[in-house]
2 protein chains.
Amino acid sequence: MSAAVIGYDQAMGRWEPNARGRLEQAALELYVERGFEQTTVAEIAQRAGLTERTFFRHFADKREVLFQGAASLQELLVNAVAGTPASSAPIDAIAAALAAAGAVLGERRESARQRQTVIAANPELRERELIKLASLATALANALRARGVRDPTAGLAAEAGIAVFKIAFERWVEESNQRDLPLLMRESLDELRAVTAGG
Amino acid sequence: MSAAVIGYDQAMGRWEPNARGRLEQAALELYVERGFEQTTVAEIAQRAGLTERTFFRHFADKREVLFQGAASLQELLVNAVAGTPASSAPIDAIAAALAAAGAVLGERRESARQRQTVIAANPELRERELIKLASLATALANALRARGVRDPTAGLAAEAGIAVFKIAFERWVEESNQRDLPLLMRESLDELRAVTAGG
DNA sequence: CCGGTCGATGTCAGCTACTGCCATCACTAT
DNA sequence: ATAGTGATGGCAGTAGCTGACATCGACCGG
């Protein structure tokens with residue numbers, strides 16, 4: 001619990017500052033070093049200079065540490081839909097949301113890739129990721145309904161948007177490089193259009 | 001552990017037969033009666049006349065009891081795709097898979113509805129459901145690739161198919177009645193076509 | 001008929017995620 | 001000073017899940 005570790009010189013309280021941030025960093029490190037399952041919450045807390053009990057005061061469970069950004073991403077998507085001209089078709093509102101998400105997520109490529117490696121290696125984490133994506137779909141559908149889009153169109157457009165998101169993100173993480181995320185989002189959406197057009 | 005409970009008159013082995021089936025039934029009953037979280041594995045085992053340890057020999061975890069049919073559903077979808085004429089477009093192969101799934105799931109409406117009520121009431125169960133659907137999407141994509149469909153088309157078509165599946169199934173469970181599942185599958189697919197056509 | 005193997009279950013000990021309850025201790029407002 | 005507040009520690013307890021070993025009937029070769 002020494003302040004020197006963090007390099008901190010102003011007056012401080014009873015405890016080191018930024019407990020949540022230290023827990024998050026410690027968890028990420030350990031998940032990468034040993035894997036998610038092989039890491040206990042006690043170990044995370046110890047590395048952060050805190051106790052197990054405190055970890056669970058900051059994070060609902062051991063997985064949630066990896067999904068901090070989900071809420072802000074959801075906000076971003078919803079705002080993008082809401083900010084689209086009222087005359088736009090649902091699919092264009094979705095496209096705007098995907099563009100916004102791609103622009104934000106497109107930065108910090110390496111940390112995203114590392115995070116995705118951890119998640120992909122563990123079924124429990126994949127489950128959590130999927131329910132976060134489902135939550136995004138629900139939020140997108142609600143945003144569309146707020147613009148007067150009816151069911152089942154709203155739900156379908158939202159689910160389709162998330163499908164495009166998933167595929168584009170997957171390609172972006174896997175590819176050695178070159179194309180950036182917003183471009184892959186556009187390409188994947190065009191691909192979906194092409195695929196559904198037939199028949 | 002009396003045989004009379006089951007009504008069984010031929011020579012029997014050391015234990016009552018169909019341990020797995022008894023566990024499944026006991027679990028379903030308890031999940032409906034008290035809810036998933038309020039049910040312990042020890043209670044399930046007791047009702048089935050077995051021990052907790054035996055439960056975990058038959059089911060990987062407490063949730064898995066509710067997802068027994070996932071494997072056969074996946075097989076059904078894959079076979080439907082494989083059985084489509086080689087000249088069909090990807091979207092038509094997906095449509096065939098959805099039709100097959102709709103036909104099979106469309107029966108036993110009440111039990112499906114009951115099961116869905118239990119799942120919807122619990123986030124852990126929703127997570128498990130989502131990863132099963134993701135597994136279906138992966139299997140569908142592989143089936144398409146086996147027919148020569150390239151990426152990212154295969155992945156996108158599969159994800160879009162699962163999106164349609166989700167929406168149609170949801171509508172089918174919620175609606176008071178009337179339209180059957182295969183019809184809702186077709187309608188939802190048409191709706192997706194309409195939504196993506198714009199823009 | 002006999003002994004050995006095998007498969008399904010029981011028993012028990014143990015780990016770990018997660019929770020509830022209360023104590024502690026600095027900081028702050030009055 | 002004193003009381004209140006907020007973040008943390010400490011501790012006991014529940015429940016999901018696993019590994020190791022014992023048990024016992026079925027089955028099979030001799």
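Proteins come first, then strands; the chains are lettered A, B, ... in the order of their sequence lines, and each starts at number 1.
A straight line from CG of A:Leu50 to C1' of D:dT8 spans 8 Å, rounded to a whole angstrom. For the pair B:Glu43 CD and D:dT14 P, the interatomic distance rounds to 14 Å; values are reported in whole Å. When the P atom of C:dT19 is taken as reference, atom CZ of A:Phe59 falls 14 Å away, rounded to whole Å. Rounding to whole angstrom units, CZ of residue B:Arg22 and P of C:dT9 are separated by 8 Å. At whole-Å resolution of the value, CD in B:Glu52 and C1' in C:dT11 are 12 Å apart. Whole-Å rounding puts the B:Arg53 CZ to D:dC17 P distance at 12 Å. Remark: P of D:dG25 and CH2 of B:Trp15 are 9 Å apart, rounded to the nearest angstrom. Rounded to a whole Å, the CD atom of A:Glu124 is 14 Å from the P atom of C:dT16.
Between B:Arg47 and B:Glu33 a salt bridge is recorded (basic side-chain N to carboxylate O distance below 4.0 Å). Looking at B:Glu16 and B:Arg22, no side-chain N of the basic residue comes within less than 4.0 Å of a carboxylate O on the acidic one, giving no salt bridge.
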Determine all donor-acceptor pairs shorter than 3.5 Å in which one atom belongs to a side chain in residues 159-170 of chain B; sequence neighbours excluded.
unit_1: B:Glu159; atom_1: OE1; unit_2: A:Lys166; atom_2: NZ; d: 3.3
unit_1: B:Lys166; atom_1: NZ; unit_2: A:Glu159; atom_2: OE1; d: 3.3

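Looking at B:Thr54 and B:Thr51, their side chains do bring a donor and an acceptor atom within 3.5 Å of each other. Between the side chains of B:Glu129 and B:Gln116, at least one donor-acceptor pair of N or O atoms lies under 3.5 Å.
Between the base of C:dG10 and the side chain of B:Arg57 there is a donor-acceptor pair shorter than 3.5 Å.
B:Arg145 places no side-chain N or O within donor-acceptor distance of the main-chain N or O of B:Leu140, the cut-off being under 3.5 Å.
When each of C:dC18, D:dT18, D:dT8 is scored by its nearest atom to the side-chain atoms of B:Phe56, the top-ranked nucleotide is D:dT18.
Residue B:Thr40 places no side-chain N or O under 4.0 Å from the OP1 or OP2 atom of D:dA15. Residue B:Thr54 places at least one side-chain N or O under 4.0 Å from the OP1 or OP2 atom of C:dG10. Side-chain N/O atoms of B:His58 include one lying less than 4.0 angstrom from OP1 or OP2 on C:dT9.
Annotation: of the two residues near DNA chain C, A:Ala60 and B:Arg20, the 5′-most nearest-nucleotide partner is B:Arg20.
For the segment residues 25-37 of chain A, the set of residues with a heavy atom within less than 4.0 Å of an atom of DNA chain D is empty.
Contact record, A:Ala93 with A:Leu144: CB-CD2, 4.1 Å, taken as the closest heavy-atom pair.
Here B:Ala42 lies out of heavy-atom contact (under 4.0 Å) with every strand.
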